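Just so we're on the same page: letters track the sequence lines, and every chain starts at 1. Computed over heavy atoms, backbone and side chain alike; hydrogens, waters and symmetry mates excluded. Quick caveat: nothing in here was measured; it's all calculated off a predicted structure.
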Amino acid sequence: MSVLVVVECDKGEVKKSSLEVASYGAQVAQALGTTATAVAVGEATEANLAKLGEQGISKVLFDNEPRLKDFVNGAYTKLIAAAADKEQAKVIVLANSNIGASVGSRLAVRLKASLATNVVELPKIDGGQFTVKRGAFSGKAFADVVLSGERKIIAVKKNSIEALHNGGQTAQVESFSAQLSDADFADAPKQVIMQDQAGGILLPEADKVVSGGRGMKGPENWHLIEDLAKALGAATACSKPVSDVDWRPHHEHVGQTGITVSPNLYIACGISGAIQHLAGVNSSKVIVVINKDPEAPFFKAADYGIVGDVFEVLPKLTQAVKELG
Amino acid sequence: MKFLVCISNVPDTTTKITFTPDNKEFNKAGVQFVINPWDEYALTRAIELKEAQGSGTVTVLNVGEADTEPNIRKALAIGADDAIRVNAAPKDAWFVAQQIAHYAKEGGYDVILMGKESIDYNGFQVHGMVGELLGIPTVAPAMKLDMSGNTATLEREIEGGKEIVEVNTPFVASCQQPMCEPRIPNMRGIMTARTKPLKVVEPVGEGAATAVAEYALPPKKQGVKLIPAEQAGELIKLLRNEAKVI
Ligand SMILES: Cc1cc2nc3c(=O)[nH]c(=O)nc-3n(C[C@H](O)[C@H](O)[C@H](O)COP(=O)(O)OP(=O)(O)OC[C@H]3O[C@@H](n4cnc5c(N)ncnc54)[C@H](O)[C@@H]3O)c2cc1C
Ligand SMILES: Cc1cc2nc3c(=O)[nH]c(=O)nc-3n(C[C@H](O)[C@H](O)[C@H](O)COP(=O)(O)OP(=O)(O)OC[C@H]3O[C@@H](n4cnc5c(N)ncnc54)[C@H](O)[C@@H]3O)c2cc1C
């Protein structure tokens with residue numbers, strides 16, 4: 001019996017959220033007195049998979065089937081189910097990503113497991129029963145959920161668990177085949193289109209985000225947001241009305257009806273702080289608000305604030321970051 | 001083509017969330033419930049596709065007690081043809097998925113559409129479970145859905161991009177923007193909704209696989225520290241030395 005963790009890889013690298021997942025799984029394994037095995041999906045390299053030892057993983061199962069480079073729900077589910085059987089895994093940990101949660105929900109049925117998504121803490125373990133804390137009501141609350149099934153699947157919210165780094169440890173990479181057939185690739189993509197990320201930083205994975213609202217006045221002013229983001233190594237985001245009028249692409253829209261982010265630092269520029277916007281950002285560790293209206297509701301949710309004009313404040317911030325070196 | 005659209009009844013997006021004194025249940029008192037915003041994309045797109053095909057039906061399904069009927073009627077007013085309510089409190093995703101899978105199979109639907117996730121419980125899981133129960137593909141979350149004969153072309157959002165996926169009916173898709181512009185009911189819709197069939201059926205299958213022990217609100221913020229605009233650079237120093245986030 002071991003704990004199985006699912007690591008998503010992209011362009012050879014293990015995603016940051018999967019380093020968190022691996023660390024989560026390793027800590028659960030330790031609490032249960034067992035080891036953690038990873039199964040890799042996406043475009044991976046053996047060298048990078050071996051480095052998962054630093055997160056406490058002892059073994060990595062890797063199927064070199066080229067069609068697994070892109071996300072295919074059917075094939076990923078079968079691969080992970082086969083790995084879970086091989087390892088007799090009672091606990092499966094994956095990222096609460098579009099990929100992780102899609103696969104997790106199919107696995108829950110296939111393996112007759114209790115599933116919790118959006119989990120933000122390590123479980124409380126009481127015999128065969130786990131209690132996990134998960135985000136609910138769009139960031140406005142938490143729920144402690146009891147998983148009583150014999151098998152448990154946990155999808156861990158990004159940025160809620162610190163990744164471990166035990167220098168020098170390596171994991172053993174083992175080739176593994178789930179005997180996939182063409183039928184498992186029914187939902188294989190015909191085409192994959194990746195966005196041009198500002199500065200190459202994926203918004204859902206970012207640990208710093210600079211976000212703009214209607215107060216930015218128009219798309220021609222976005223260089224102010226991008227300059228600060230670049231200086232900080234942050235991703236860029238926006239409020240819903242901004243993407244609705246196409247100042248920015250839809251995939252940058254955060255909030256209740258956009259994507260949810262939980263970075264260490266969220267800087268809101270010219271965003272009023274409507275409840276639907278807050279729902280997507282309120283689990284950020286530190287929130288900074290720049291708004292010319294001292295009554296803007298966002299200040300109530302902020303840790304730091306500047307009451308001022310974004311067009312004057314943003315260049316000063318960018319300059320100050322550059323001076324930090 | 002027969003479309004099944006699953007709708008969840010959720011607290012309005014502006015609701016201030018509170019719980020009963022023992023923190024075991026959401027406090028529904030005074031809360032306005034709406035159709036889950038994502039499910040409105042599923043509903044509108046199903047109606048658009050039916051209209052484009054010139055034939056077919058759109059059925060809405062909700063797992064919920066009688067208090068969800070106003071929102072089921074709203075879905076009928078927006079343009080669904082008929083409705084099914086599975087008469088049970090939605091205990092958890094596994095319970096809900098079993099109901100949807102059972103009645104979807106019974107009705108022989110070609111396309112099962114849902115929202116990306118419920119905005120109350122934020123599960124992002126019912127669609128995967130239903131696909132697995134029925135042994136058919138699930139495409140989640142879908143930003144675009146077009147049909148040509150029995151083949152659907154979808155855009156599936158993945159972190160950092162999208163995949164173009166083609167699947168044949170039957171399949172499950174969970175919808176999100178920018179799939180369509182959700183419709184709102186018009187007067188005629190509201191009038192005709194009153195007489196459209198709403199069938200109440202009993203739950204099937206097993207109970208829940210999970211249970212909520214307790215709810216909690218996030219810890220309160222300390223309050224905002226304001227930095228004068230003229231000294232904006234000070235903020236960056238605080239973020240480095242005090243908050244330690246840069
Ligand atoms: C069902 C539903 C779902 C929704 N989902 C979302 C969602 O997911 N995400 C989302 O963001 N919104 C969502 N909304 C919309 C939300 O209610 C707000 O309308 C929206 O967030 C406002 O965007 P904003 O803050 O950019 O614009 P505004 O509310 O117009 O605020 C602009 C702000 O900029 C400030 N400002 C103006 N000029 C300057 C300047 N020169 N310098 C500094 N500050 C300046 C103003 O003081 C103001 O506070 C949703 C609404 C509904 C009904
Ligand atoms: C106040 C309150 C408290 C709740 N407490 C719990 C709880 O403690 N534990 C729990 O698991 N659930 C709870 N629920 C039920 C929850 O709303 C769901 O119906 C169910 O759990 C699935 O939610 P999900 O977030 O996992 O769905 P998701 O997987 O996020 O939903 C995806 C899609 O599935 C469809 N769908 C979801 N629910 C239904 C439904 N009932 N009928 C028809 N289609 C649906 C919709 O299209 C939705 O967009 C509660 C609901 C309310 C209103």
(message) At a 4.5 Å cut-off on heavy atoms, which part of A/K112 comes close to chain B: side chain, backbone, both, or neither?
(response) neither

(request) Looking only at non-hydrogen atoms, find the nearest pair between B/L133 and B/A97 and report the distance. (result) CD1-O, 3.7 Å

(message) Checking B/K225 against A/D303 for the salt bridge (Lys or Arg N to Asp or Glu O under 4.0 Å) test, could you report, in this order, the C-alpha distance in whole Å, the side-chain angles of both residues, the deciding distance, and whether it holds?
(response) CA-CA 6 Å; B/K225 193 178 229 180; A/D303 300 285; over 6 Å; no

(request) Without swapping roles, check the side chain of A/N118 against the backbone of A/R134 for a donor-acceptor pair under 3.5 Å. (result) no

(request) Identify the residue among A/E8, A/E205, A/E43 that makes a salt bridge (Lys or Arg N to Asp or Glu O under 4.0 Å) with A/K15. (result) A/E8

(message) As an exercise: rank A/G149, A/P189, A/S283, A/S102 by heavy-atom pairs under 4.5 Å with chain B and give me the winner.
(response) A/P189

(request) Run through B/I100, B/V130, B/L134 and flag the one making a side chain to side chain contact (heavy atoms under 4.5 Å, CB included) with B/K105. (result) B/L134

(message) Heavy-atom cut-off 4.5 Å, strictly under: side chain, backbone, both or neither for A/D70 against chain B?
(response) both

(request) Check each atom of A/A279 against the heavy atoms of chain B and say whether the ones under 4.5 Å are side chain, backbone, both or neither. (result) neither

(request) Identify whether the distance between the nearest side-chain nitrogen and carboxylate oxygen of A/R106 and B/E132 falls below 4.0 Å. (result) yes

(message) Please classify the contact of A/K208 with chain B as side chain, backbone, both or neither, using a heavy-atom distance under 4.5 Å.
(response) side chain

(request) Could you tell me which portion of A/A108 (side chain, backbone, both or neither) has an atom closer than 4.5 angstrom to a non-hydrogen atom of chain B? (result) side chain

(message) Any donor-acceptor pair under 3.5 Å linking the side-chain atoms of B/N9 with those of B/N71?
(response) yes

(message) Strictly less than 4.5 Å between heavy atoms, which residues of residues 22-47 of chain B line up against chain A? Please order them by number.
(response) B/F26, B/P37, B/W38

(request) Would you tell me whether B/N168 and B/T151 have side-chain atoms, one donor and one acceptor, within less than 3.5 Å of each other? (result) yes

(message) Can you tell me which portion of A/K157 sits under 4.5 Å from chain B's heavy atoms? Options are side chain, backbone, both or neither.
(response) neither

(request) With a 4.5 angstrom heavy-atom cut-off, could you sort out which part of A/I193 is near chain B: side chain, backbone, both or neither? (result) both

(message) Under 4.5 Å from any heavy atom of chain A, what part of B/E157 do you find: side chain, backbone, both or neither?
(response) both

(request) Select one option (side chain, backbone, both, neither) describing which atoms of A/K158 are under 4.5 Å from chain B's heavy atoms. (result) side chain

(message) Among A/L224, A/L228, A/I306, which residue satisfies the side chain to side chain contact (heavy atoms under 4.5 Å, CB included) criterion with A/V313?
(response) A/I306

(message) Looking at every heavy atom in both A/P249 and A/S243, which two are closest together, and how far apart are they?
(response) O-CB, 3.9 Å

(message) Only heavy atoms, only distances under 4.5 angstrom. Which residues in residues 286-296 of chain A are near chain B?
(response) A/V286, A/I287, A/V288

